[in-house]
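Given the structure is predicted, the values throughout are model-derived calculations rather than measurements.
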Amino acid sequence: MDLNGIIECIEPEMRQVEDSILQQLGAPVPIITDVFSHTISAGGKRLRPALCVLSASAIGSVNDDVVTLGAQIELIHTVTLVHDDIVDNARTRRGKPTANAKWGNETSVLVGDYMFARVFESLTKDGASPWTHLLARTTSRMSEGELQQVHFRGHPNLSEEQYLQLIQLKTAELTSAACQVGAMAAGASARQLSALGSYGLNFGMAFQITDDLLDVTSAVEIIGKPAGNDLKEGKVTLPFIHALAVADDDSRNRVCGMFTRSELSASNAAEIIAFIMAHGGIDYSRQVALNYANAAKESLADMDDSPALDSLKKLAEAVVDRQM
């Protein structure tokens with residue numbers, strides 16, 4: 001099932017979000033616009049603003065606040081991508097050079113900082129809104145997740161519980177916030193807000209686990225980076241965690257020895273991927289992702305039916321089966 005096909009029902013609103021993103025990219029220093037426009041133009045699914053718009057539509061109508069919030073959510077997400085690429089020393093994203101590869105780390109991190117400040121300046125220009133604190137807290141939590149990921153880099157003893165907490169902070173908190181701010185701007189009740197927040201959190205968990213699966217199973221032409229890239233960057237993800245948990249001591253020690261080397265070769269990465277597959281890491285992780293996707297749908301059980309609600313349910317079904 002195609003994610004983009006599911007959100008066709010909000011295509012006019014998503015065009016407004018795109019226009020709002022472009023309007024917010026203007027800056028007094030041209031390099032800021034250049035760097036951020038480059039990263040934004042790399043594409044992506046615009047999934048977070050779509051969740052914002054769909055949540056608002058499931059409550060009532062999509063107003064100007066919803067459109068602006070959708071754009072701001074995407075800008076926050078894009079800043080995290082810029083900073084992620086710097087931390088990971090990534091050279092490409094979605095098949096294009098990263099901002100840090102093109103302009104260097106110093107410029108890229110400062111542009112990211114500027115855009116964070118720009119988003120929160122916009123959020124508070126008319127005084128604090130109901131969603132300002134939520135987005136500020138979410139941004140703080142995402143930074144916690146990034147720091148945890150750096151701390152655990154290269155440590156194959158990361159537990160499944162620690163991994164799940166990490167991806168909640170890094171990914172799921174923002175998808176939950178996207179749903180909640182859209183709902184807030186549309187006048188949601190406390191019950192509706194709770195339901196959509198839970199949906200977004202579970203959706204984000206399913207999305208990130210599937211993303212980590214794709215790193216193991218997909219080719220560069222599909223996801224825009226080599227398979228096993230996370231392993232080469234020292235990231236321990238659920239497929240690897242499960243395989244290590246069920247493997248015998250000799251296999252586990254051999255693979256951990258490879259993983260903890262200062263530089264992981266392509267052949268070693270391929271061997272670790274084979275180890276993950278042989279020890280059920282793929283099937284196990286897919287089932288965990290599916291459990292979260294089902295929990296996301298169940299969160300919406302008491303909400304009134306609507307085309308937007310139907311799209312949210314279909315997105316939860318499709319997120320685990322996507323190929324990119």
Is there a donor in the side chain of [X] and an acceptor in the side chain of [Y], or the other way round, less than 3.5 Å apart?
X	Y	answer
Gln149	Tyr163	no
Asn105	Ser108	no
Ser159	Gln162	yes
Glu298	Asn294	no
Ser176	Gln180	yes
Gln23	Asp19	no
Gln16	Ser20	no
Gln208	Asp212	yes

Once rounded to the nearest 0.5 Å, what's the spacing between atom [atom1] of [X] and atom [atom2] of [Y]?
X	Y	atom1	atom2	value
Met142	Thr171	CE	OG1	7.5 Å
Leu196	Leu312	CG	CG	7.0 Å
His155	Leu158	NE2	CG	9.5 Å
Ser143	Lys170	OG	NZ	11.0 Å
Phe116	Thr80	CZ	OG1	6.5 Å
Leu174	Thr139	CG	OG1	7.5 Å

### Query
What residues, two or more places apart in sequence or in another chain, satisfy side-chain contact (heavy atoms from CB on, under 4.5 Å) together with Thr98?
Asp85, Ala90, Arg93, Asn100, Ala101

### Message
The criterion is side-chain contact (heavy atoms from CB on, under 4.5 Å); which residues satisfy it with Arg286, sequence neighbours excluded?
### Response
Leu213, Ile282, Val320

### Task
Establish, yes or no, whether the cationic atom of Arg118 lies under 6.0 Å from the six-membered ring centre of Phe36 and within 45° of the ring axis.
no

Under a 3.5 Å distance rule, please check whether [X] uses its side chain to pair with a backbone N or O of [Y] as donor and acceptor.
X	Y	value
His151	Leu147	no
Asp310	Ser306	no
Arg322	Val319	yes
Arg252	Leu244	yes
Thr175	Ala172	yes
Ser194	Ala190	no
Ser37	Asp34	no
Ser140	Ala136	no

### Task
Mind telling me whether Phe207 and Phe203 have parallel, tilted or perpendicular rings, with 30° and 60° as the class edges?
parallel

### Plane angle bin for Phe240 and Phe259 - parallel if under 30°, tilted between 30 and 60°, otherwise perpendicular
perpendicular

Less than 4.5 Å apart, side chain to side chain, heavy atoms only: is that true for [X] and [Y]?
X	Y	answer
Glu146	His83	no
Leu264	Glu233	no
Lys235	Asp215	no
Pro97	Arg91	no
Gln165	Gln148	yes
Glu18	Glu74	no
Cys52	Val66	yes
Gln72	Leu123	yes

Crowded around [X] [atom1]? As in, over 12 foreign heavy atoms under 6.0 Å?
X	atom1	answer
Asp302	CG	no
Asp248	CG	yes
Asn157	CG	yes

### Summary
Residue pairs meeting side chain to side chain donor-acceptor pair (under 3.5 Å), one or both in residues 53-70, sequence neighbours left out, come to none

### Task
Begin with the C-alpha distance, continue with both residues' side-chain angles, and end with the deciding distance and a verdict on side chain to side chain contact (heavy atoms under 4.5 Å, CB included) for Val111 and Val82.
CA-CA 9 Å; Val111 168; Val82 171; over 6 Å; no

Shortest non-hydrogen contact between [X] and [Y], atoms and distance:
X	Y	answer
Leu300	Ala195	CD2-O, 4.3 Å
Ala178	Ile73	CA-CD1, 3.9 Å
Tyr199	Lys297	CD1-N, 4.4 Å
His242	Gly280	CD2-O, 3.6 Å
Val236	Pro156	CG2-CA, 4.1 Å
Ala316	Ala293	O-CB, 3.2 Å

Flag yes if [X] and [Y] sit in one hydrophobic cluster, no otherwise; membership is Ile, Leu, Val, Met, Phe, Trp, Tyr, and two members link when side-chain heavy atoms are under 4.5 Å apart.
X	Y	answer
Leu81	Val109	no
Phe152	Leu231	yes
Val17	Ile6	yes
Leu193	Leu69	yes
Leu22	Val35	yes

### Query
Between Leu54 and Cys9, is a side chain to side chain contact (heavy atoms under 4.5 Å, CB included) present by the stated rule, with each step listed?
CA-CA 9 Å; Leu54 284 170; Cys9 65; 4.0 Å; yes

### Message
Walk me through whether Asn291 and Asn202 qualify under side chain to side chain contact (heavy atoms under 4.5 Å, CB included).
### Response
CA-CA 9 Å; Asn291 291 344; Asn202 284 293; over 6 Å; no

### Query
Is a salt bridge present between Lys125 and Glu121, judged by a nitrogen-to-oxygen distance below 4.0 Å?
no

### Message
side chain to side chain contact (heavy atoms under 4.5 Å, CB included) for Arg48 and Ile76? Distances and angles first, verdict last.
### Response
CA-CA 10 Å; Arg48 291 149 193 86; Ile76 289 171; over 6 Å; no

### Task
Kindly indicate, with the supporting measurements, whether the criterion salt bridge (Lys or Arg N to Asp or Glu O under 4.0 Å) is fulfilled by Arg15 and Glu11.
CA-CA 6 Å; Arg15 284 199 297 270; Glu11 188 176 344; 3.3 Å; yes

